[in-house]
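Here the structure comes first, spelled out in structure tokens, and everything after it is commentary.
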Amino acid sequence: MPVDPIIERINELARKSRAEGLTDEERLEQQRLRRQYIEAFRRGLDATLDGVFVEDQNGQAVPIKEYMRERYGAKEKDSPKA
């Protein structure tokens, strides 16, 4: 689902929540839509970062994800499970 209709529906539910409250079904829909929006945002950010490079101390262009991993270590989700 494209992001714009998700945002529109989230906003619609937020307005209704403030005005009159939401049913349990609408509250679940709101939570699901918010998760979808966050996932889409993260995918977009991840795709953007794939094209970002930084210059290391040797003057080499290094993908920013690799640079951050080397400099600050792997995130918990990136590290192998023991």
From [X] [atom1] over to [Y] [atom2], what is the distance, rounded to the nearest 0.5 angstrom?
{"X": "Gln30", "Y": "Lys16", "atom1": "CD", "atom2": "NZ", "answer": "10.5 Å"}
{"X": "Asp24", "Y": "Glu26", "atom1": "CG", "atom2": "CD", "answer": "9.5 Å"}
{"X": "Ile38", "Y": "Ile6", "atom1": "CD1", "atom2": "CD1", "answer": "11.0 Å"}

May I ask whether [X] and [Y] are part of the same hydrophobic cluster, defined by side-chain heavy atoms of I, L, V, M, F, W, Y residues being less than 4.5 angstrom apart, directly or through others?
{"X": "Val54", "Y": "Met68", "result": "yes"}
{"X": "Ile64", "Y": "Val62", "result": "yes"}
{"X": "Val52", "Y": "Tyr72", "result": "yes"}

(message) Quick check: do Glu12 and Glu8 have side-chain heavy atoms less than 4.5 Å from each other?
(response)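 They are not in contact (no side-chain heavy atoms under 4.5 Å apart), so the answer is no.
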
(request) Quick one: list whatever passes salt bridge (Lys or Arg N to Asp or Glu O under 4.0 Å) with Arg34, sequence neighbours left out. (result)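 Residues passing salt bridge (Lys or Arg N to Asp or Glu O under 4.0 Å) with Arg34: none at all.
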
(request) List for me each residue that meets salt bridge (Lys or Arg N to Asp or Glu O under 4.0 Å) alongside Glu66, sequence neighbours excluded, and say none if there are none. (result)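 Applying salt bridge (Lys or Arg N to Asp or Glu O under 4.0 Å) to Glu66 gives none.
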
(message) Is it the case that the side chain of Asp56 and the backbone of Asn58 share a donor-acceptor pair, with hydrogens and angles ignored and the cut-off at 3.5 Å?
(response)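 Yes; at least one donor-acceptor contact below 3.5 Å.
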
(request) Check Leu33 against Leu13 and note the closest heavy-atom contact, atom names and distance. (result)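 Answer, listing the atom of Leu33 first, then Leu13: CD1-CD1, 4.1 Å.
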
(request) Locate the shortest heavy-atom distance separating Tyr37 from Ile10; write the atom from each residue and the value. (result)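 Scanning both residues, the minimum pair turns out to be CB-CD1, 4.1 Å.
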
Acceptor/donor pairs from residues 39-46 side chains to any protein atom, 3.5 angstrom cut, sequence neighbours excluded:
{"from": "Asp46", "atom 1": "OD1", "to": "Lys65", "atom 2": "NZ", "distance (Å)": "2.4"}
{"from": "Asp46", "atom 1": "OD2", "to": "Lys65", "atom 2": "NZ", "distance (Å)": "3.3"}

